[in-house]
Amino acid sequence: MTPYARRGVHGQTVEALARRVLSGEIPEGATLDLVALQAELDVSLTALRESLKVLAAKGMVDARQKRGTFVRARADWNLLDADVLRWQFAGGTAAGADLSLLRNLGEVRGIVESAAIRLAAVRRTDDDLTALDAALAAMAHQDGGAAHAVEADLAFHRALLAATHNELLERMEMVIESGLAHRDQIVHSSPHGTDPVPSHRAVLNAVRDRDPDAAEAAMRALLDQAVRDLDLVHGADSGAEDAR
């Protein structure tokens, strides 16, 4: 169950509306029929309006006199918002759309994490190394299943950002984690992915050695491998679909 859906009727209504907007079921520029939505979602008008306020805060909808509540252009949406990213992946979008979004996020990671790792190599503390060691050890335990592998990978990259000791970079985890979790779920649920431990260990060793150049090179190699793994799994899955 997703975070908003855990918040009862309000959260479920937010997620239902978000999925419809993100999927294009309610297209850009469309004016919402609040009475019809209220009846369809079986919620009070107050709950519906409160849910729309959440989407308005994320740039997805707006309300104007004489026009009512409408869906804003995609260019206005806060696509880097962690909820918006998660909703796009959780909304059952087409595999091609998922792959395109994952590749966009991969490029963002290449910019952010390759630079952040240099700071981590210079600023890391013993506590940071302890957190990284623990995450890598968890990653090495292959018998925990895909969910365990996903959480271990998230913990490792979260610890890397924390090791920069830059609170704005640390907040980038909210952007990176949504895509990383979805990508990991795909890769770690497939028999075609490669062992992530060696590439992560190389990053950790360079950070431990306080070598920013080696750390950046190792991170770029890790991210390149992540792209190859995704393409390999996607290609294998597409081939399996075509063979049916």
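The first residue of the sequence shown is numbered 1, and numbering continues consecutively from there.
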Cluster check [X], [Y]: I/L/V/M/F/W/Y, side chain < 4.5 angstrom:
X	Y	result
Leu41	Val14	yes
Leu102	Val227	no
Leu154	Val175	yes
Leu55	Leu45	yes
Leu80	Leu180	yes

Who are the side chain to side chain donor-acceptor pair (under 3.5 Å) partners of [X], not counting sequence neighbours?
X	result
Glu40	Arg20
Arg210	none
Arg201	none
Thr125	Asp128

How about Arg49: does its CZ atom have over 12 heavy atoms from other parts shown lying under 6.0 Å from it?
no
Can you tell if the side chain of [X] reaches within under 4.5 Å of the side chain of [Y], non-hydrogen atoms only?
X	Y	answer
Asp133	Arg208	yes
Leu160	Met219	yes
Leu204	Leu129	yes
Leu105	Ile176	no
Trp87	Val21	no
Phe70	Val61	no

Show the numbers, then the answer: is there a side chain to side chain contact (heavy atoms under 4.5 Å, CB included) between Arg86 and Glu15?
CA-CA 10 Å; Arg86 180 175 52 76; Glu15 298 231 338; 3.2 Å; yes
Any salt bridge linking Arg103 with Glu107? Criterion: basic side-chain nitrogen under 4.0 Å from a carboxylate oxygen.
no
Spacing of [atom1] belonging to [X] relative to [atom2] belonging to [Y], to within rounding of 0.5 Å:
X	Y	atom1	atom2	answer
Ile26	Arg19	CD1	CZ	11.5 Å
Ser100	Gln88	OG	CD	10.0 Å
Lys53	Leu48	NZ	CG	11.5 Å
Gln225	Leu222	CD	CG	8.5 Å
His141	Met139	NE2	CE	12.0 Å
Asn104	Arg109	CG	CZ	13.5 Å

Does the pair Val43 and Gln12 meet the rule for a side chain to side chain contact (heavy atoms under 4.5 Å, CB included), with working shown?
CA-CA 10 Å; Val43 295; Gln12 292 167 17; over 6 Å; no
Contact summary for [X] and [Y], nearest pair of heavy atoms:
X	Y	value
Pro27	Val71	O-CB, 3.4 Å
Pro198	Asp195	CD-O, 3.4 Å
Ala63	Thr69	CB-OG1, 3.8 Å
Ala73	Glu28	CA-OE1, 3.4 Å
Ala116	Leu161	CB-CD2, 4.0 Å
Ala214	Ala206	C-CB, 3.7 Å

Results of salt bridge (charged side-chain N to carboxylate O under 4.0 Å, His left out) for Asp42 - residues two or more places apart only:
none
Apply side chain to side chain contact (heavy atoms under 4.5 Å, CB included) to residues Leu32 and Leu17 and explain how you reach the verdict.
CA-CA 10 Å; Leu32 304 181; Leu17 291 169; 5.5 Å; no
What's the verdict on side chain to side chain contact (heavy atoms under 4.5 Å, CB included) for Thr13 and Glu50, showing C-alpha distance, side-chain angles and the deciding distance?
CA-CA 9 Å; Thr13 305; Glu50 288 300 314; over 6 Å; no
Pairs flagged by salt bridge (charged side-chain N to carboxylate O under 4.0 Å, His left out) wherever residues 30-39 is involved - sequence neighbours left out:
none
Does anything in residues 67-82 pair up under salt bridge (charged side-chain N to carboxylate O under 4.0 Å, His left out), and if so which pairs, sequence neighbours excluded?
Lys58-Asp81, Arg72-Asp76
State which residues pass ring-ring contact (aromatic ring centres under 6.0 Å, His included) with His157; sequence neighbours excluded, sorted by chain then number.
His200
With sequence neighbours left out, write down each residue that passes side chain to side chain contact (heavy atoms under 4.5 Å, CB included) with [X], or none if nothing qualifies.
X	value
Glu216	Ser114, Ile117, Arg118, Arg220
Ala131	Ala159
Ser44	Thr46, Ala47
Ala162	Glu170

